[in-house]
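Treat the numbers as computed from the prediction; the structure is a model and nothing was measured.
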Amino acid sequence: AGSLMTTKLSQPQSTLAKSLTSTSTNAPYFKAFESTEIPPYVTNCPSNGLCSRLPPDCMTCNTNYSCIYGKTATFDCKVKPHVHCVDENNHEQENFTINMTCQFCWQLATSDYVCTNSTNCMTVSCPRQRYNATCTVRDHIHCLGNRVFPKMLYCNWTGGYKWSTALALSITLGGFGADRFYLGQWREGLGKLFSFGGLGIWTLIDVLLIGVGYVGPADGSLYI
């Protein structure tokens with residue numbers, strides 16, 4: 001009985017020892033896997049290119065608080081892990097300097113960033129309507145602060161309506177409401193159709209209003 005009890009107790013202990021051994025041997029494997037995992041930003045970083053020409057997402061730079069706004073300043077930078085670059089002599093380096101204009105990202109020219117567009121606002125409203133846009137700085141542009149920032153922009157989207165087509169229809173077939181139908185204004189188009197262009201008065205007024213751009217598409221977009 002004593003030997004039987006010893007045998008039964010030794011089996012769970014041996015199983016526990018195996019599980020502990022298995023866990024301890026697997027732990028370094030998971031750590032090694034995590035350490036060798038390549039970050040997603042590496043795909044946007046050219047390999048063995050000039051460090052000074054890397055995209056901003058591939059480097060970390062110290063903010064130069066002594067720079068003068070609008071002036072060119074030098075910033076000390078370091079490449080991020082797993083990013084490889086070289087200097088002008090084709091020697092691999094980690095620390096380098098770049099020159100850029102001392103200004104925040106939201107102060108850049110409109111050509112230096114890309115913003116989301118909205119089709120839910122009216123472009124022909126008075127006063128002009130704005131919308132909340134999210135803007136992202138282009139990859140090759142360096143600036144201070146957040147590279148993604150909010151900004152209020154004027155509505156500037158288009159539904160594909162041509163001003164020349166609308167004006168031509170207003171001059172030739174305006175008496176039948178063709179110009180209003182083309183712009184998506186069905187009620188006004190029917191009104192002109194059954195009133196023969198308001199006996200010509202409405203037709204003349206629409207030619208002037210479309211000509212100066214006061215009357216636009218019904219969806220509130222801009223002409224192309």
Report task. Apply side chain to side chain donor-acceptor pair (under 3.5 Å) to Asn99 and Thr74, showing your working. Result -> CA-CA 5 Å; Asn99 295 324; Thr74 301; 2.9 Å; yes
Quick check: do [X] and [Y] have side-chain heavy atoms less than 4.5 Å from each other?
| X | Y | value |
| --- | --- | --- |
| Asp112 | Arg138 | no |
| Gln185 | Val215 | yes |
| Cys77 | Asn95 | no |
| Ile141 | Leu108 | yes |

Treating Ile, Leu, Val, Met, Phe, Trp and Tyr as nodes and any side-chain heavy-atom pair under 4.5 angstrom as an edge, say whether [X] and [Y] lie in one connected cluster.
| X | Y | result |
| --- | --- | --- |
| Ile68 | Met100 | no |
| Leu209 | Leu167 | yes |
| Ile171 | Phe176 | yes |
| Leu54 | Phe75 | yes |
| Tyr113 | Met152 | no |

Straight-line distance of [X] [atom1] to [Y] [atom2], nearest 0.5 Å:
| X | Y | atom1 | atom2 | result |
| --- | --- | --- | --- | --- |
| Gln93 | His84 | CD | NE2 | 13.5 Å |
| Asp139 | His142 | CG | NE2 | 10.0 Å |
| Arg180 | Thr203 | CZ | OG1 | 10.0 Å |
| Gln103 | Tyr69 | CD | OH | 5.5 Å |
| Leu50 | Ile98 | CG | CD1 | 13.0 Å |

Requested in this report: Going by the side chain to side chain contact (heavy atoms under 4.5 Å, CB included) test, name the single residue among Ile205, Leu204, Thr165, Val207 that passes it with Ser170.
Outcome: Val207
Report task. Determine, stepwise, if the pair Trp202 / Glu188 fulfils side-chain contact (heavy atoms from CB on, under 4.5 Å). Result -> CA-CA 10 Å; Trp202 195 349; Glu188 292 81 355; 4.1 Å; yes
Spell out, as yes or no, whether a donor-acceptor pair under 3.5 Å connects the side chain of [X] to the backbone of [Y].
| X | Y | answer |
| --- | --- | --- |
| Ser221 | Gly159 | yes |
| Trp163 | Ile210 | yes |
| Thr116 | Thr134 | yes |
| Arg147 | Cys135 | no |
| Gln107 | Leu144 | no |
| Lys80 | Asp57 | yes |
| Ser118 | Asn120 | yes |
| Lys192 | Gly174 | yes |

Check [X] against [Y] and note the closest heavy-atom contact, atom names and distance.
| X | Y | answer |
| --- | --- | --- |
| Val79 | Cys51 | CG1-SG, 4.5 Å |
| Met59 | Cys61 | SD-SG, 3.6 Å |
| Gly145 | Cys105 | O-SG, 3.9 Å |

Report task. Go through Cys85 and Cys58 one step at a time and tell me if the disulfide bond (SG atoms under 2.5 Å apart) criterion holds. Result -> CA-CA 10 Å; Cys85 62; Cys58 305; over 6 Å; no
Query raised in the report: With a cut-off of under 6.0 Å to the ring centre and 45° to the axis, is Lys78 in cation-pi contact with Phe96?
Result: no
Report task. Show which residues join Tyr131 in its hydrophobic cluster (side-chain heavy-atom contacts under 4.5 Å, direct or indirect), or state none. Result -> Leu153
**Report entry** Derivation and outcome, side-chain contact (heavy atoms from CB on, under 4.5 Å), residues Phe181 and Leu190
**Finding:** CA-CA 8 Å; Phe181 285 126; Leu190 291 174; 3.8 Å; yes
Got more than 12 heavy atoms from elsewhere within 6.0 Å of [atom1], [X]?
| X | atom1 | result |
| --- | --- | --- |
| Phe196 | CZ | no |
| Asn146 | CG | no |
| Glu94 | CD | no |

Query raised in the report: Between Tyr161 and Tyr182, what is the ring plane arrangement, given parallel below 30°, perpendicular above 60°, and tilted in between?
Result: perpendicular
Requested in this report: Examine Phe104 together with Phe149 and report whether their ring centres are nearer than 6.0 Å.
Outcome: no
